[in-house]
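Scroll down for the structure; my scribbles are underneath it.
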Amino acid sequence: MIVEDEAILALDLAMTVEAAGAIVAGPLHRLDIAMRAEALHELDAAILDVDIQGAEVFPFADRLNEAGVPIVFHTGRTDVQRFAETYHATICRKPCVSDRLIDVLESVVQRDTEQEFEQRAAAS
């Protein structure tokens with residue numbers, strides 16, 4: 001899922017992720033829409049801008065975090081260290097090179113898959 005309110009950037013992100021072979025939910029430009037859409041999709045990861053139309057994305061990030069969805073914050077903000085710690089998220093600062101974004105996205109999805117596998121193995 002991509003949540004980004006800058007239209008050109010949102011489309012660029014979506015095309016980049018789709019070109020890498022992923023199916024994109026979005027891009028979504030409002031938090032209320034993102035929250036409704038999240039309930040309709042099984043998400044492997046989410047790329048979130050921190051500021052969406054003047055509101056911070058954290059209520060939605062909290063929901064994703066509780067659901068175990070890995071988060072990549074794509075932001076121009078400088079106070080990002082606490083986001084990374086709170087959400088165990090990776091930060092891609094704007095502007096982010098497409099290859100780096102894909103590498104980060106693949107990494108968080110792979111890490112999540114490995115953790116899920118380890119949890120299942122431990123439960124067996």
Side-chain angles (χ1 to χ4, degrees):
M1 175 175 278
I2 297 172
V3 180
E4 170 62 63
D5 61 347
E6 295 179 38
I8 293 174
L9 184 54
L11 291 173
D12 182 54
L13 288 171
M15 290 188 304
T16 297
V17 173
E18 287 172 343
I23 298 170
V24 175
L28 306 166
H29 67 286
R30 290 186 8 214
L31 290 178
D32 61 327
I33 294 171
M35 287 188 178
R36 286 195 305 266
E38 182 261 338
L40 302 174
H41 299 279
E42 185 174 325
L43 303 177
D44 293 320
I47 300 172
L48 307 177
D49 186 6
V50 173
D51 298 303
I52 302 295
Q53 296 185 345
E56 291 186 331
V57 75
F58 302 121
F60 184 54
D62 289 338
R63 264 177 67 166
L64 294 175
N65 203 36
E66 289 172 13
V69 176
I71 297 169
V72 175
F73 285 113
H74 186 248
T75 183
R77 289 183 50 169
T78 58
D79 59 338
V80 294
Q81 189 57 37
R82 68 182 172 100
F83 310 152
E85 293 167 1
T86 301
Y87 297 99
H88 309 287
T90 304
I91 309 296
C92 285
R93 292 187 192 260
K94 292 179 185 179
C96 183
V97 177
S98 297
D99 290 342
R100 167 143 167 65
L101 181 69
I102 295 304
D103 288 346
V104 165
L105 196 55
E106 288 175 346
S107 175
V108 299
V109 170
Q110 179 66 30
R111 182 177 65 220
D112 186 63
T113 302
E114 289 171 0
Q115 288 174 349
E116 189 176 308
F117 178 76
E118 289 171 7
Q119 290 171 348
R120 282 192 209 144
S124 298

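In what follows, residues are counted from 1 in the order of the sequence shown.
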**Study point:** Beyond-backbone contact of Thr90 with Arg111, side-chain heavy atoms, under 4.5 angstrom
**Key:** yes

Point to revise | Rounded distance [0.5 Å steps], SG in Cys96 versus CG in Leu9 | key: 10.0 Å

Review point. Shortest non-hydrogen contact from Ala14 to Val24?
Key: O-CG2, 3.9 Å

Side-chain donor-acceptor pairs under 3.5 Å in residues 26-35, sequence neighbours left out?
from  : atom 1 : to    : atom 2 : distance (Å)
Arg30 : NE     : Asp32 : OD1    : 3.0
Arg30 : NH2    : Asp32 : OD1    : 3.3
Arg30 : NH2    : Asp32 : OD2    : 2.6

Review point. Should the ring pair Phe73 and Phe58 be called parallel, tilted or perpendicular, given that the plane angle runs from 0 to 90° and is split at 30 and 60?
Key: perpendicular

**Study point:** Straight-line distance of Ile71 CD1 to Leu64 CG, nearest 0.5 Å
**Key:** 5.0 Å

Check your understanding: Under 3.5 Å, is there a donor-acceptor pair between the side chain of Arg93 and the main chain of Arg77?
Key -> yes

Practice item. Using side chain to side chain donor-acceptor pair (under 3.5 Å) as the criterion, list what pairs up with Asp99, not counting sequence neighbours. Key: none

Revision key, fill the gap. Contacts of Glu18 meeting salt bridge (Lys or Arg N to Asp or Glu O under 4.0 Å) (sequence neighbours excluded), chain-then-number -> none

Review point. Does the side chain of Val69 reach to within under 4.5 Å of the side chain of Met1, using non-hydrogen atoms?
Key: no

Revision key, fill the gap. Value for CZ (Phe83) from OG1 (Thr75), rounded to nearest 0.5 Å, stands at 6.5 Å

Review point. With a 4.5 Å heavy-atom cut-off, do Ile47 and Glu4 have their side chains touching?
Key: no

Check your understanding: Where is the tightest heavy-atom contact between Val109 and Asp44, given as atom of each residue plus distance?
Key -> CG2-O, 3.8 Å

Review point. Do any N or O atoms from the side chain of Asp5 and from the backbone of Gln53 form a donor-acceptor pair under 3.5 angstrom?
Key: yes

Revision key, fill the gap. Between the OG1 atom in Thr86 and the CD atom in Gln81, the distance rounded to the nearest 0.5 Å is 9.5 Å

**Study point:** Side-chain heavy-atom pair Asp49, Lys94 within 4.5 angstrom cut-off
**Key:** yes

Review point. Are any side-chain N or O atoms of Thr16 and backbone N or O atoms of Asp12, one a donor and one an acceptor, separated by less than 3.5 Å?
Key: yes

Revision key, fill the gap. Taken to the nearest 0.5 Å, the spacing of Gln110 CD from Asp103 CG works out to 13.0 Å

Exercise for review: Report, as yes or no, whether the 6.0 Å neighbourhood of atom CD1 on Ile8 holds more than 12 heavy atoms from other residues, nucleotides or ligands.
Suggested key: no

Review point. Is there a side-chain contact between Val72 and Leu48 (heavy atoms, below 4.5 Å)?
Key: no

